[in-house]
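To keep things clear, I will list the structure first and then write my remarks on it.
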Amino acid sequence: MFKANKLGIIGVVILLLFLFFALFGPIYVEMMGNSYSPMGGMDTSLGINPETNSYAWPPSLKHPMGTDSKGSDIFSQFLNGSYLAFLIGISIALGAAILGVIMGLISGYWGGRWIDSLIMRSADALVSIPFLPLLIVIAAVVGSLHLFTFIMIMMVFSWVGVCRVIRAQTLSLRTRPYIDSARVAGASSSRIIFKHIAPNVIPLGFYELTMIVGAAIITESGISFLGFGDPTQMSWGMMINFCTAQGHTFKAPWWLLPPGFGITLLSMAFYLIGRAFDEIVNPRLRKME
Amino acid sequence: MGRLRYPLRRIIEGLITLFIVMTIIFLLFRVMPGDPLSIVIDPKMTPEVKEMIRHSYGLDQPMFVQYGIYLKNLFTLNLGESFRYSQPVSEVLAARIPNTLLLFTSASVLSAVLGIILGRIIAWRRNSKLEYGLTLAGLFFYEMPIFWFGLILIYLFAFRLNLFPISGMIDFELWTLGATTGEKIIDILHHLILPLITLTTASFCGMMLLMRTSMVETMKEDYVEAAKARGLPDKVVRDSYAARNAELPVITAFILSLSASIGGGVLTEKIFSWPGIGYELYQATIGRDYPLAQGCFFILTLMTILAVIVIDITYAYLDPRVSYD
Amino acid sequence: MANLFEVRGLKKYFPVGTNLQFVNLKMFHFQMKQRVFTKEEEWVRAVDGVSFKVDDREVFGLVGESGCGKTTIGRLIVKLMEPTEGDIYLDGKNIVKLSKNELKDFRKNVGMIFQDPYDSLNPRFTILESVKEPLDIHRIGEREDRIKKVVSILKEVGLNPEKSFLKRYPHELSGGQRQRVAIARTLIVNPKMVIADEPCSMLDVSIRAETMKMMIKLKEEFGLSILYITHDISEARNVTDSMAVMYLGKIVESGRTDDIIENPSHPYSKALISVVPDIDPDIKRGKIELLGGVPSSSNIPKGCRFNPRCPYAMDICREKEPDYIRVEKDHIASCHLL
Amino acid sequence: MNAKTKILEVNGVVMHYRLSGGRSVRAVDGISFSVEEGRTTGIVGESGCGKSSVAGTILRTLPDNGEIKSGKIYFKHGEIAGKSGMIDLFSLSEEEIQKIRWKGISMIFQGAMNSLNPVRRVGDQIIEIMRYKDKISKEEAQKRLERLCNIVHIDPKRMRSYPHQFSGGMKQRAVIAMALSTDPKLIIADEPTTALDLITQDRIMEEIKEIQKELKMSMIFISHDLSLVSEISDRVIVMYAGKIVESCDKRSLFREAVHPYTRGLINSCPRIRGDKGKLSGIPGEPPSLSSPPKGCRFHPRCPYAIAICREEEPEYKEMGEGHFSACWVVSDG
C-alpha cells in the first residue's frame, strides 16, 4: 500500500538520504581530520578570497560545499546540521506525541468532565500564545536557549495538535458499541483505554507527529537565525545566522543555500511520510477497498 | 441578546485566555533562575541605587502584590518605560501596531483567499498533473524556513534585479522631500511587496494543502454525489456544495496555525527591517530592553487572541449548525 | 415461573445539554470545534416510569419507535448508565447500587448484544481475542481451556468450521457472521440474562431469520432470559413470549405477545401493527392513521402522552394521564378508552 | 399483457467495479428489464446484490472505478442531441446525459438524510435545481416550491430551515420534493425509507403512492424489503449476486414465485398477519461479487441444488405469461 503512494516514496527517499548525512557526519570528520570539525575547525591553507573579502571560497574538490568566512568546511557543518535536525525534530516530536496521546486519551475518555475541560482550556491557551516571540523573550532573560531548554519548551507547546486528534477520536470511539460491549463484559477503565481505545487511536496521531518534526526543525532554525540558539551547536539555522551576520548573504550563495534546502527537504520528507501513512491508516480516506 | 451572545461569550473566553497566558509569563520570569533586573542593574551601581530600581519595579514587595501590580499595569496598558527610546512602551508600540497590522492582515487575508481558491481547484482535478505539481511545490514552500525564503527574495529581486527596496517601510529621502499622499502610499506598497510575498507564501501553501485534503474528503459526502446526480453544473457542485463545506475545517486549522504565523511575522519583519512589533521585539531583546520586549510580547499575544476570536465568530456564522442560543 | 428480573418505576432524565457543549463533527486531522448552546434546565424524559418483569427462560420484547426510550432501558439495565430513579432487580437483588466486586459478578450474569454488527467487535482483535476477552476479564479457566471454550461456543453459534475463524479479523467476516461472533462473546461466560438491542435490524433479510432462530435455540440450551429490543413488531411476534409496547418513555401496553398481536388494546399498538407491510398483496390491512409526528421527549404532552396523535382522543385524554387497565390475564394497557 | 409503452428498457447491462490489483467486482452482471409508462417496477435484493448499482448505471453516476462493460439502456425522452424516441443512454455524451438527469430521470437517494447540503437552506437547494434545470425566474420557482410542499406535506415556512433542523421523515419528504421539482418522466427511488420508523415509513409510502397516482409517474423502486416492494410495485424483480433470478407481476409473486431464492426470501419475512407459521431463513451467506460461485450463483445456499447447478449458469427464461426465472430445477420441472 505504501508503494501506491508516490509522494510517500519521495518522502522516504529524502529521509533516508538525510539519515545517511546525519550518520556520515562524524565519519567524515574522522576521515578528513580535525580541521573539518563543524565547530571551530578551519582550513589554514586557504587564502583570502577577494570576491568575498574573507576565507569563504566556493565549492571545490577539497570542500564540496565550499568554506565559510573563517575557512570552515560547510559540508561538514551541513552534515552536523542534519544530525542536529534529527535529534531536535524527533525528540521534540516524540515527547510531544507521548504527552499529546496521554492528554488526548484522558481528555477524550472522560470527555465533558472537569479534567477534560482543564486539558482543553490549557490547550486553547497554548494555541493562543505566539511561541516564537515567547522563545525570544525567554532567550532575552536567559541569554541564549540551550538545546535541552529549547527541546523542553517546544514539547510543552507542541502536544496540542496530537491531543486534539486523539481526543476527537477517543470521544467518538468511546460511544462505539465495541467499547460498550467491553464494558458490559466487565472490562475495567484501564483495560478499555489501553486495550481497546489506544491501539485504535494512536496511529491517527502519527500524521501530527510528523508535522511536529517539521515545525520543530523550522522553529529551531528561526531561533538560531535570530541569534538566540545554542552557541555550542552548529545547526542549519546557525549556519544561516553566521552567513548573514558575517555579511555574506549576497556574496556566498554556497553558504546560504545548503542549510535552507536541508531544512526544507527534511521537513518535507517527514510531512510526506506522515501524509502517506495517514492515507493508509485513516479509513475515511480510503475508497472502496 | 440573541446573536450577540456568542461573540460576547467568545470575548470573555479570550480575556480569560489572555489572563492565563500573562500569568504564565509572570511566573516564568519570577521562577526563572537569575534576577529579572540583572539586565537593568549594572553591577557597578551602589546598593542604594539598586534598591531604588528594585523598588521602582515593585520587586521588594511580596509575590502576590507584585502580581497585582503586574496585572493592573497590563490592563491599564501601563507597560513601563523603554530604555532605548526613553519613552513609555505603550507609545513606542502605538506607533508600531499599524505597521504590523498592515503586513499581517494583508498576508492572512491573501493567503486564506488564495489558498482556498487554489486548493479547491486542485482537489477538483484530482490525480491530474496540476494536482501533483502544485501539491509538491506547495509542500516545498510550506516547509521552507520563512526567513531563508525572504533572504533569497531579497537577493533575487532587491539585490540582483533591483526591483524592490532591500528593507524598511518607507523611503526617508522621498518622505522628507515632501511627497504627496499618493506617492507616499505607493512608496509603502512598494516596500510592502517583498515582505508580503514572504509572509504569505508559507501560510498560503499550508491553506492550499489543507483545503485540498478537506475538499477531497468532502467530495465523498453523499450530498456532493447527490448534487452531481441531480445534474447541477460542475461549478455549482464544486463551489456551493463541496468547497462551501470543505472550508469549515480549514478555518479551524487556520486558527490553530495563527500563533505559528505570528512567529513567522517576527522573522519577516526582522529580515526586512519592517518597523513593526516583531522587529521591535527582536531589537528590544538584542538591546536588553526588557519592558519593551514584554510589551511587544503582550501585544502580539493580544493580537493572536483577538484574531482567534474574530475567526471563531466568523466560523459560527458560516456554519448554520452552530446555534446561538 | 419465577421472576428472574424485574424493573420498577425506572426513570432516566437527561439534561438537554449543559449550557456549553463541544460537539465533534467527523473530520480528518482536526477536531472541528462546534459549539452548541442550549437552554439550561431542560430535561429529556427518555424513560419516564417503566415497570416490567421478565420470567426465567423467557424472551421479553420491548417494542417502539426510535426515541421511545427502549434502548435507554437496555443501557440502564446493563449499567452503562445510572437511572435517575427506580429499581432494577436481578434474582431478587437490587442492582442499582453495587460494590466493585458485586458489579463484576453482575457483569458475568448479564450480557448485551448490540445492533450494529460492523461496530460491536474491536477491529484490531482477532475473533479468538474478541470471544475470549470475557474469560480473560473474569479469569475463568486456564489458557488452554479458554481456547477450547471459544472453539466450542463458535460451533454453538453456527460458525463453521469453527477453527478457521479464530485467527480472522472482523472486517473479513460478513454482517451475519459478525453478529454470531458477538453472540458467542456474550454467551461464553454463561450469563443468566441477555439484553439484545435490535440484534437483527442491520442484517439482511435472509440472514435475519436464521439469526432469530439461533437466538431462540440458544435461549433453550443456555437457559437464558432475553430482553429483546426492537422497533419491528412483526419481528417481536416471531421471537418473544411476552412484550411491552413503549411510547415516549412509557409502556402503553404489555402482555403475552400473541394476545397483543391478536387483540391490541391501545390505539398506538393498533397503529404500529397496522403499518407493517405484507408480502401478500391480497391482505387488506385496516390502517389506523396517526396524526402528526412524535413530539420531542423534552416536551411531553399533558395528559395521555399519546393524545395529540391519537385519532380517538377525548377531552379527558388531554387532562389526565391514564392508569394501567387489565384487559385480560397478564395483559394491561394504559388508555382512557378501556 | 396489453401493449403499454415502455419508458425505459434495460438490455443485458454489465457493470463492473475495478479494484486494485486488476481484480473487479461484477456488481451488475447482464440484467434486462423494462419500465412501462405510469407503472412501477420494483427491484428487491439483499445488500450488495447490485440493486443500487443499477440505479447508478442508468443515471451514469457511478464512482470513478465503475465501468459499464456492455449492454444498452433505452430511455424515452423528448428530443435531445438531435435524437428522439427511445434514446440509447450510453451513446450520450456527459453533457447530454447531464440534461437527462433530473429532467428525464430523477432520483430519491438511499440515505436521503445525507443527500442535502448541510450548510444551505432546504428550500434554496430545491429552488436552485429548478432554476438550473428549467431556467425559470425566482418567483416562479418559489411558487412551484409551495405547490411541491403541499404535495409532500411540508409547511412551506419550514423551507427556510437548514437540513439539521429537520426530522428524518421531513428530510425524506424534502428529498422527494426535490426529485419531483422538475417534472421528471421517471423516478428512481433507492431505499427511500430505510432508517425511518415503521410509522413514518408507512406515511411516506402512502405519499409516494398518492403522488404516483396523481402525476402518473413511472418509477423504479429499489429496496431490500420484499413486502414493501410488493406493496408499491406493479412488477417485481428479484436480484441475487448481480443477476436477476426472477421477475413477475406483483400478484403472482407471493403465491407463484418459483425460484428457491425468492421462496426463501418470502419465508424469511416475519409477518404480523395470518399464521405465525415458522420462520425459515436461507442458510449461508450471500457470495462475494469479486469471486462468485461457478454455475448458478445461488447453488451453495440452495436446498434443491443438483449437479448441473454447480456447473452451468441457468438461463433466464419465461415460465408463464410475464413470469421469468433463472433456475435449472424449476425449468426442468
Side-chain angles (χ1 to χ4, degrees), chain B residues 2-3 6 116 120 122-128 131-132 211-212 214-252 311-325, chain D residues 52 55-66 92 94-122 124-126 128-134 160-166 171 174-175 178-179 181-182 184 188 190:
Chain B
R3 298 207 134 206
Y6 180 72
I116 285 177
R120 165 197 300 187
I122 60 175
W124 195 250
R125 301 221 192 138
R126 211 151 180 229
N127 296 325
S128 65
E131 193 213 354
Y132 273 107
M211 184 64 190
R212 188 201 77 98
S214 177
M215 181 98 170
V216 167
E217 289 284 288
T218 314
M219 273 155 57
K220 283 177 216 154
E221 295 285 349
D222 288 348
Y223 52 81
V224 178
E225 296 287 330
K228 277 190 210 160
R230 263 173 238 149
L232 287 174
D234 268 9
K235 205 174 154 318
V236 174
V237 178
R238 186 189 73 188
D239 295 349
S240 62
Y241 285 77
R244 181 71 176 70
N245 284 282
E247 278 158 20
L248 299 174
V250 175
I251 294 169
T252 310
I311 303 171
D312 241 3
I313 293 170
T314 320
Y315 179 89
Y317 283 91
L318 279 178
D319 190 341
R321 284 165 296 189
V322 179
S323 54
Y324 307 97
D325 41 26
Chain D
S52 294
T57 313
I58 295 171
L59 262 182
R60 275 214 258 148
T61 54
L62 295 166
D64 294 342
N65 62 342
L92 297 183
E94 180 58 29
E95 240 163 77
E96 288 157 355
I97 194 101
Q98 190 79 325
K99 286 180 192 142
I100 300 260
R101 287 182 195 143
W102 239 255
K103 274 312 288 172
I105 307 171
S106 72
M107 189 159 168
I108 301 167
F109 293 94
Q110 181 173 21
M113 318 301 195
N114 303 324
S115 70
L116 295 167
N117 187 346
V119 298
R120 298 185 58 207
R121 296 177 202 279
V122 177
D124 291 352
Q125 295 185 48
I126 301 177
E128 175 187 64
I129 182 84
M130 292 191 278
R131 296 200 59 198
Y132 272 110
K133 285 290 160 184
D134 288 346
R160 291 196 45 76
S161 306
Y162 288 98
H164 71 278
Q165 294 161 325
F166 272 24
K171 275 186 216 169
V175 170
M178 198 177 265
S181 65
T182 48
I188 303 175
D190 186 2

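Proteins come first, then strands; the chains are lettered A, B, ... in the order of their sequence lines, and each starts at number 1. Here the structure is a predicted model, which is why all the values come from computation and not from measurement.
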How far apart are the closest heavy atoms of [X] and [Y], and which atoms are they?
X        : Y        : answer
B/Asn245 : D/Val119 : OD1-CG1, 3.4 Å
D/Arg120 : B/Ser240 : NH1-OG, 3.5 Å
D/Pro118 : B/Tyr223 : CD-CE2, 3.4 Å

Flag side-chain contact, heavy atom, 4.5 Å: B/Leu232 against D/Ile129: yes
B/Val236 vs D/Tyr132 side-chain heavy atoms within contact, under 4.5 Å: yes
Interchain contact, D/Lys133 with chain B, by part (heavy-atom threshold 4.5 Å): side chain
CD-CZ distance between D/Glu128 and B/Arg230, expressed to the nearest 0.5 angstrom: 8.0 Å
Rounded distance [0.5 Å steps], NZ in B/Lys228 versus CD in D/Gln98: 11.0 Å
Residue D/Glu95 excluded, over 12 heavy atoms near CD under 6.0 Å: no
All salt bridge (Lys or Arg N to Asp or Glu O under 4.0 Å) counterparts of B/Arg212, not counting sequence neighbours: B/Glu131
By salt bridge (Lys or Arg N to Asp or Glu O under 4.0 Å) - contacts of B/Asp234 (at least two apart): none
Segment of B/Val224 engaging chain D (4.5 angstrom heavy-atom cut-off): neither
